[in-house]
Amino acid sequence: MPKMIVSLDGVVIKEVQLTKDRTSLGRRPYNDVVIDNLAVSGEHAVLQMSGNEVYLEDLNSTNGTYVNGKAVKKQLLQNNDTVEIGKYRIKYVNEAGSAAFEKTMVAGPADTTGFAATGIAAAPVADAGLGSGAAIKVMSGAAAGREVALVKVVTTIGKPGVAVAAITRRPQGFVVTHVEGFGKPTLNGTVIGAEPVTLKHGDMLELAGTHMQFVQH
């Protein structure tokens, strides 16, 4: 079960288990997580849980909400992310999510194509039809021709610090979201944001200068 560990000046103040679909954070006493500090807005942010995914959304707070040092409006949290609200640090822990999280395509720092051939932890193409029945086929760059089976609950693609997207397997199919980086990943030419977008067979993804195709077998 995901949880938030709240600390101030390195001292843990409380641990909050995320058991509800919506958990509010703020200074007002009616919030689920009360942070009594003038730098924190009355209704500062909200955590929305969907399955095993937790999204953090800033509620137009005065001083903003930060994840790993970057200001966010809405973001899918990953295990061990640090949320900063005022002087408070809130560590997000989701061990179940971490076990299912696989960085499939991570580029080395010297790679300018968006993907390093050695950075692809790809299942054999023959296995792509097993389990999930879907895969991402790399169409350009050093890894062109590679097909990565989407066998995990969450598969991340991209280049850390540039643009990283997450493809999540759901009962009704696959969705893609932009999770980090300043690049603008696109799906069929349309920019992908933090809101999940459903993938269809043949969809074209562009991320960190690399073109990919979503295929279902």
Side-chain angles (χ1 to χ4, degrees), residues 1-101 153-154 156 158 160-161 163-172 174-187 190-198:
M1 183 180 298
K3 64 180 178 181
M4 309 296 287
I5 302 173
V6 184
S7 64
L8 178 64
D9 297 329
V11 178
V12 174
I13 297 172
K14 66 178 81 174
E15 289 191 12
V16 180
Q17 298 283 349
L18 299 180
T19 58
K20 303 195 302 182
D21 290 341
R22 187 181 189 278
T23 302
S24 62
L25 299 87
R27 196 175 72 251
R28 301 296 183 194
Y30 52 74
N31 285 286
D32 298 303
V33 181
V34 179
I35 304 177
D36 188 13
N37 185 278
L38 292 177
V40 179
S41 296
E43 297 175 6
H44 197 100
V46 64
L47 295 158
Q48 296 176 323
M49 187 159 56
S50 174
N52 199 46
E53 297 176 345
V54 176
Y55 287 86
L56 171 70
E57 183 175 1
D58 181 79
L59 299 176
N60 296 315
S61 64
T62 302
N63 293 313
T65 301
Y66 296 79
V67 176
N68 301 328
K70 295 180 181 179
V72 300
K73 290 301 293 180
K74 186 173 184 178
Q75 181 159 320
L76 174 65
L77 293 177
Q78 308 297 347
N79 187 39
N80 288 326
D81 274 353
T82 299
V83 179
E84 299 171 38
I85 295 178
K87 294 182 179 180
Y88 288 76
R89 302 291 180 269
I90 306 173
K91 185 177 181 181
Y92 173 71
V93 178
N94 187 358
E95 293 170 354
S98 176
F101 199 81
V153 175
V154 179
T156 55
V164 177
I167 296 176
T168 304
R169 186 176 68 208
R170 292 182 173 177
Q172 67 271 31
F174 290 83
V175 297
V176 62
T177 53
H178 179 204
V179 293
E180 68 175 73
F182 294 101
K184 294 186 181 298
T186 62
L187 175 65
T190 302
V191 173
I192 302 168
E195 293 293 330
V197 180
T198 302

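Lys14 places no side-chain N or O within donor-acceptor distance of the main-chain N or O of Val33, the cut-off being under 3.5 Å. Side chain of Thr168 to backbone of Val175: no donor-acceptor contact under 3.5 angstrom is found. A donor-acceptor distance shorter than 3.5 angstrom exists from the side chain of Asn31 to the backbone of Gly42, with no hydrogens or angles considered. A donor-acceptor contact shorter than 3.5 Å links the side chain of Asn63 to the backbone of Ala39. Formation of a donor-acceptor pair under 3.5 Å by the Asp36 side chain with backbone atoms of Arg27 is not found in this model. The main-chain N or O of Gly64 is found under 3.5 Å from a side-chain atom of His44 such that the two form a donor-acceptor pair. Of the possible polar contacts, none joining the Thr65 side chain to the Val72 backbone as a donor-acceptor pair under 3.5 Å is found. At distances below 3.5 Å, not a single donor-acceptor pair connects side-chain atoms of Ser24 with backbone N or O atoms of Val46.
The two atoms that bring Ala45 and Ile85 nearest to each other are CB-CD1, 4.5 Å, heavy atoms only. Looking at every heavy atom in both residues, Pro196 comes nearest to Tyr55 through CG-OH, 3.5 Å. Taking both residues in full, the closest heavy atoms of Leu8 and Lys87 are given as CD1-O, 3.4 Å, listed atom of the first, atom of the second, then distance.
Within a 6.0 Å sphere centred on CZ of Arg170, other residues, nucleotides and ligands contribute more than 12 heavy atoms.
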